[in-house]
Amino acid sequence: MRRIATLTRNPAVIALVMALAVTGCASKKIPNNAADIGLGGAGSATPGSQQDFTVNVGDRIFFDTDSSAIRADAQATLSRQAQWLSQYPTYAITIEGHADERGTREYNLALGARRAAATRDFLVARGVPATRLRTISYGKERPVAVCDNISCWSQNRRAVTVLGGAGS
Amino acid sequence: MKRLLKPLLIAAAMIAAISGAAIVPARALVEIDVNKGVVEPLPIAITDFLSADALGAEISGIVAADLQRSGLFAPIDRAAFIEKISNPDAAPRFEDWKVINAQALVTGRVSQEPDGRIRAEYRLWDTFAGQQLSGEQFFASQANKRRIAHIIADAIYERLTGEKGYFDTRIVFIDESGPKNQRTKRLAIMDQDGANARFLSDGRAISLTPRFSPNRQEITYMSYESGQPQVYLLQLETGQRELVGNFPGMTFAPRFSPDGQKVIMSLLRDDGNSNIYTLDLRSRTTTRLTDSSAIDTSPSYSPDGSQIVFTSDRGGRAQIYVMNADGTNQRRISFGEGTYSTPVWSPRGDLIAFTKQSGGEFQIGVMRIDGSGERILSTGFSQEGPTWAPNGRVLMFFKEPAGAGGPRLYSVDLTGRNEQPIQSPNFASDPAWSPLLE
């Protein structure tokens, strides 16, 4: 739900956001960036807050079709997440794995789980204690973007790092 | 389709109770060829069943709708009828029915018993042979008036095609409502024609993939109600729910074994891959059947319980595999272009239905159990999740249009003909067909 702020960190994905605006994807209708849900722009969030994590660090990464490999752009986001999570150690974390709609329901539940596990393993390798992390797969059941073209599907193939526990 | 030429000796009033309706097998008026399909449905006249109230016409209307939806029968417009049936026990004027080309005729009567039950009788006539093909009567409570109609439709279907019917069956499915990015997905059940729909869960947690037990008293399904997606059992009669097993990770893609003693499903491994397990419902023992660093899911037993078909991406992309029920002899059977998933073994044992993705489209198809003879029955933007009618002649699946709409249920013949939408209260997905009730 808060992806524009995340994506502006990444020039490659800014192009995608512009393409979406041009094609008029239905995802414009749902709150899809920080401003839509009243979080304000980058930099205004209190350090260590949920908004800080979402806006300044980036709470989600994206995957290629039918893949759970952590892409180079995603590695940069996850490295920032690991650093931030070490700085604010009170948060428990749930990693949600998601798939796009171009797969069958049961297979996509498994694929979302594999993406969540790959994301977890990357964060653990960057020093986040495994005990702080749990994973859950939503398969294709919780799309953020609703339309029928490639740009929307690419937004739905994601792993979202959700803060929970003491700090939330 | 063939005319019945030989006179058949069938008692004029073959009376049977609802439980033990034995029908003398005979040559079929309708022949089903799965390779060609029935090109011309059989013209059949279904008269309003006589009754003191509207119930007779209601029941015969349900019979006509069932037979019409099967695609094998063409009920004739009642406005064309010449003879008005006033005594369903007497032979009709066959000439009056032949002249409107009714090859078969159904007459009947519905009345109320002193104890409040409904009594429904029907007779099926071969108009060209000039004789009765079958006649039965059934008793049921008022609440089961639609079931009595479906049982009569099954009897007519079986007598005229030589195949078991599938109308006295139900569908469990996922009712979907609300916007696509926040959709409520809850368990629901209805008759195969969309009537009598009711919810089985409240929709607070996402529920998915319900499937019937062989005795159709229970369903197994996956739900997020504990926060962790896990497989559950639900007793339909009592509403009692129970977690299946005590596994550390996500469990999903459940189905019953043909004897109803086991649930087979996928269990997520800590490394993010999924393997196939069974849980014996009596002994509570679990058995791991696959052990690959891949996604192994969507298991489905052969009807004799000796083999299991499943999806795996161990070869790189999702394909269909078969193994023995103990996990040995795992072998790939799908080799076509694209990916294959959600395989389901036919109740006849001879075919496997599947979802295929190829060229940006989704397809519902069937193949023989060795992977040969692939036949695509339906192609579209998004469709998946086939389930077999208990006679193995019809498949139901769900189909979703592009954009912000939602999924709906459809049925299609094994021939690929006669694709039909199935009525549902809201959007609907994950249909699972019940067995016939004995």
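Order of the sequence lines fixes the chain letters, A, B, ..., with proteins taken first and strands second; residue numbering starts at 1 for each chain.
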Minimal non-hydrogen separation, Ala110(A) against Ser274(B), with atom names: CB-OG, 3.7 Å
Check: Arg142(A)/Asn181(B) side-chain N/O donor and acceptor closer than 3.5 Å: no
Ionic contact status for Glu141(A) with Lys180(B), cut-off 4.0 Å: no
Glu384(B) CD to Tyr107(A) OH distance, which is reported to the nearest 0.5 Å: 13.5 Å
Residues, nucleotides or ligands: over 12 heavy atoms within 6.0 Å of Arg332(B) CZ: yes
Winner by heavy-atom pair count (cut-off under 4.5 Å) against chain A, out of Thr339(B), Thr209(B), Asp296(B), Thr311(B): Thr209(B)
Enclosure of Lys262(B) NZ (heavy-atom neighbours >12, cutoff 6.0 Å): no
Whether over 12 other heavy atoms sit under 6.0 Å from Gln83(A) CD: no
Minimum side-chain heavy-atom gap Asp313(B)-Arg114(A) below 4.5 Å: yes
Chain A contact via Asp271(B) - which portion, at a heavy-atom distance below 4.5 Å: backbone
Choice from Met250(B), Lys185(B), Arg183(B) maximising heavy atom contacts with chain A below 4.5 Å: Lys185(B)
Chain A contact via Gln383(B) - which portion, at a heavy-atom distance below 4.5 Å: neither
Portion of Ile206(B) that has a non-hydrogen atom of chain A nearer than 4.5 angstrom: side chain
Minimal non-hydrogen separation, Tyr224(B) against Ser137(A), with atom names: OH-O, 2.5 Å
Region of Ser68(A) that comes under 4.5 Å of a non-hydrogen atom in chain B: neither
Portion of Tyr340(B) that has a non-hydrogen atom of chain A nearer than 4.5 angstrom: neither
Toward chain B, the part of Leu109(A) with a non-hydrogen atom under 4.5 Å: both
Nearest-0.5 Å distance that lies between atom CG in Asp121(A) and atom CG in Asp270(B): 7.5 Å
Thr297(B) and Glu106(A) side chains, donor-acceptor separation under 3.5 Å: no
Polar side chain donor-acceptor pair, Arg105(A) to Ser429(B), under 3.5 angstrom: yes
Within 45° cone and under 6.0 Å: Arg102(A) NZ/CZ vs Phe381(B) ring: yes
Atom group of Arg120(A) that falls short of 4.5 Å from chain B, counting heavy atoms: side chain
Part of Ser298(B) within contact of chain A (heavy atom distance under 4.5 Å): both
